[in-house]
Amino acid sequence: MAPVAWWLCLPCLREPAMSPDLLTVLLFLAAAVLLFAINRPRMDVVALMLIVAMPLSGVITMQEALAGFSDPSVILIAALFVVGEGLVRTGVAQRMGDWLVMKAGRNENRLLGLLMVSVAGIGSVMSSTGVVAIFIPVVLRITRAAGLAAGRLMMPLSMAALISGMMTLVATPPNLVVHAELQRHGLPGFGFFDFTPIGVPVLLLGVAYMAVARRWLTVRGGAKPKRHRPRLADWVEKYRLHEREYRLRVAPLSPLVGQRLSDLNLRAASGVNIVLIERATPRLGDRFVRPLAHTVLEAGDVIYLDLSQPTVDVDHVADLYRLDRLPLTAPYFSDRTHEIGMVEVMVPPTSRLVGKTVLTGKVRSDYDLTVIGLHRNNSPHSGRLLDTPLKTGDTLLLIGPWKAIRRLQADPSDLIVLTLPAEVDDAVPAAGRAPQALAALAVMVGLMVSGAVPNVQAALIACLLLGALRCVDLSSAYRSIHWQSLILIVGMLPFSIALQRTGGVTLAADFLIATTGGASLHTVLACLFAVTAVLGLFISNTATAVLMAPVALAVAQTLGASPLPFAMTVALAASAAFMTPVSSPVNTLVVGPGNYTFGDFLRIGVPFTLIVMAVTVALVPLLFPAF
């Protein structure tokens with residue numbers, strides 16, 4: 001904290017006529033940096049304290065302290081959280097993870113490249129913190145399957161998420177903060193893809209760098225997470241599903257093609273029960289179809305069969321109906337839990353199902369869930385499951401949509417939910433609405449690129465579309481907004497006003513120029529990048545952008561240059577938070593799963609920050625000429 005605080009204070013201390021108001025603002029700033037550095041209290045609480053305290057000094061009014069709540073960039077950031085939630089709830093982000101697993105296989109270099117490109121691509125249109133939260137379980141699953149330590153891929157994951165902030169205007173709050181500062185000075189600001197020509201080379205260098213630098217990581221086994229809930233693989237073993245569940249594909253010449261399930265009556269004719277139907281759809285991959293009476297089977301459908309009795313010959317059924325046998329393993333269930341889940345329930349004494357069978361009790365028709373397992377007297381039931389009368393205390397394993405499982409939780413009169421699997425956290429509440437979410441995203445990006453409406457209006461239109469198309473609901477929309485980040489931005493914006501009003505920004509800019517001693521433009525940009533990156537070690541990258549954006553514009557004004565290269569440098573440097581685990585929430589999220597230490601981030605982050613600085617200093621003047 002000391003070097004940063006002194007850098008901010010030195011130009012003012014050297015000024016003989018330093019105003020008391022400026023000294024007051026700098027004391028507030030030093031206190032804020034100190035509290036941010038020790039993280040006591042929380043950053044948003046510090047921001048609220050500043051909103052209350054600064055007007056008391058008389059430097060700004062209470063109305064100016066609260067002006068951030070109506071700032072378009074704050075509203076835009078909140079709307080982008082909702083757009084990101086729409087991509088998560090509809091399974092768009094998870095499908096990307098599944099595609100990654102399918103394409104990469106066990107090749108670690110290919111896996112690293114695809115992972116970083118995918119994360120950066122998704123992060124360019126949604127919160128980087130949200131992207132990391134989505135991909136951590138994906139990476140853990142990949143590393144388990146490939147026999148790798150999680151630490152081999154967690155650092156590339158966080159690095160790619162930070163680089164995503166350099167890809168588009170809306171990728172990260174610092175970009176929007178700098179853009180808003182330009183607009184406040186009557187300048188046009190940045191376009192949606194103005195960051196992309198710099199972000200893409202940084203991403204490619206990041207992939208190449210991590211392919212080499214990950215060997216510098218001290219890879220550890222990592223602490224095994226506590227198991228509070230069972231996984232689907234546990235239930236597959238407990239109920240011996242591998243002995244009764246089969247997966248078959250409907251061949252083009254199968255007599256089942258074009259037939260309704262009610263007309264087939266496979267349960268009575270062949271002793272099998274269709275539990276699920278997996279159907280391929282163009283561009284969107286596989287989706288699940290509920291096996292209702294009016295459901296019509298199509299060629300290529302993959303059906304999940306549950307044997308009503310152990311004596312059924314599955315090979316005979318497959319030959320009879322021209323079905324192709326497919327593998328069905330425990331990991332297969334786990335890989336499809338975004339849409340389909342399982343739940344373990346118990347039959348209470350008051351249940352209407354006591355004495356009835358699964359068929360006569362109409363479990364599927366009433367609950368939209370299929371019974372695939374029965375546990376009685378601490379052992380799995382091996383007889384005719386569907387025709388066995390249920391008893392008090394029986395434990396049933398049900399499979400079906402997560403929506404139906406949640407409805408079951410709300411009504412415990414007939415079936416009491418005992419356990420939900422750990423995979424419930426990965427469930428997609430709005431499965432099947434991925435096309436609608438992508439359409440809303442395309443509308444938003446199109447409006448932003450065309451400039452037909454302001455960016456904040458384009459994001460709000462996307463939010464309304466997501467709500468109208470039922471990709472998000474009001475509760476999930478409000479929950480998705482990271483209020484702590486918004487309050488932090490609002491609380492730091494008054495510093496920008498106060499520093500400009502008291503002359504602090506001008507003095508800081510003069511000091512930066514005096515320090516560089518009339519050096520070249522590249523040297524000035526390098527110093528501006530370095531100061532911003534160092535400041536970002538102690539406070540959030542968003543707060544760093546709020547403080548440094550006015551300084552960048554003042555430097556440009558003093559030099560008589562275009563402010564765009566200086567503003568762009570600050571935005572890029574604010575995203576280059578690679579050096580410590582506390583520089584960004586993105587880094588903090590991967591510390592535990594990757595079992596990293598502070599030294600790991602220093603060894604990997606410091607060299608790459610220098611690489612990003614070199615790329616920035618080289619490309620920014622070419623893309624945004626200063627003179």
Side-chain angles (χ1 to χ4, degrees), residues 226-246 261-262 265-268 270-276 288 290-293 304-312 328 330 333-334 337 340-425 427:
K226 295 181 179 179
R227 294 283 300 276
H228 297 289
R229 290 179 295 186
R231 304 195 72 86
L232 296 188
D234 299 329
W235 283 343
V236 170
E237 295 299 323
K238 177 180 177 180
Y239 288 88
R240 299 179 183 172
L241 297 185
H242 55 279
E243 299 177 2
R244 292 187 22 252
E245 306 300 313
Y246 292 87
L261 296 186
S262 58
N265 196 16
L266 293 176
R267 186 184 299 120
S270 303
V272 297
N273 180 33
I274 295 182
V275 175
L276 293 170
F288 287 100
R290 295 161 60 190
L292 304 176
Y304 294 72
L305 296 183
D306 177 70
L307 304 187
S308 61
Q309 51 187 320
T311 57
V312 173
L328 181 61
F333 281 105
S334 301
T337 53
I340 298 298
M342 294 184 190
V343 61
E344 201 171 36
V345 301
M346 184 185 71
V347 180
T350 56
S351 173
R352 65 173 181 82
L353 299 175
V354 174
K356 296 182 179 179
T357 67
V358 173
L359 291 179
T360 58
K362 299 180 179 179
V363 175
R364 176 187 282 184
S365 58
D366 289 350
Y367 298 105
D368 198 16
L369 296 166
T370 302
V371 179
I372 60 172
L374 169 61
H375 224 255
R376 178 178 292 173
N377 299 326
N378 294 323
S379 62
H381 182 68
S382 58
R384 294 174 60 91
L385 176 62
L386 300 181
D387 300 326
T388 300
L390 299 177
K391 297 181 179 181
T392 298
D394 281 351
T395 301
L396 302 176
L397 184 65
L398 310 180
I399 188 170
W402 288 109
K403 186 183 299 184
I405 291 175
R406 293 189 178 93
R407 285 199 302 265
L408 186 64
Q409 284 183 283
D411 183 15
S413 56
D414 292 321
L415 294 171
I416 298 175
V417 173
L418 295 179
T419 314
L420 288 172
E423 286 86 353
V424 68
D425 297 331

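Please read all numbers here as calculations on a predicted model, not as lab measurements.
The side-chain hydrogen bond (donor to acceptor under 3.5 Å, both in side chains) check on T357 picks up T360, with sequence neighbours excluded. Applying the salt bridge (charged side-chain N to carboxylate O under 4.0 Å, His left out) criterion to K238, with sequence neighbours excluded, gives E344.
The backbone N or O of V358 sits nowhere less than 3.5 Å from a side-chain atom of R364 that would complete a donor-acceptor pair.
For the atom pair Y304 OH and T370 OG1, the distance stands at 13.0 Å (nearest 0.5 Å). Atom CG of L408 is separated from atom CG of L398 by 6.5 Å, given to the nearest 0.5 angstrom. Residue D394 holds its CG atom at 5.0 Å from CG of L374, rounded to the nearest 0.5 Å.
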- Kindly indicate, with the supporting measurements, whether the criterion side-chain contact (heavy atoms from CB on, under 4.5 Å) is fulfilled by L305 and I274. CA-CA 5 Å; L305 296 183; I274 295 182; 3.7 Å; yes
- Criterion side-chain contact (heavy atoms from CB on, under 4.5 Å) on T392 and V347, from CA distance to verdict: CA-CA 5 Å; T392 298; V347 180; 5.6 Å; no
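When all heavy atoms are compared, the tightest approach of R407 to Y367 is NH2-O, 4.4 Å. Between P389 and G355, the closest heavy-atom pair is CB-O, 4.0 Å. Minimum heavy-atom separation, D414 to S351: O-OG, 2.8 Å. When all heavy atoms of D366 and R352 are compared, the pair lying nearest together is OD2-NH2, 2.7 Å. For P421 against M342, the heavy-atom pair with the smallest separation is CD-O, 3.1 Å. When all heavy atoms of P348 and V354 are compared, the pair lying nearest together is O-CG2, 3.6 Å.
Between L396 and L390 the shortest side-chain heavy-atom distance falls below 4.5 Å.
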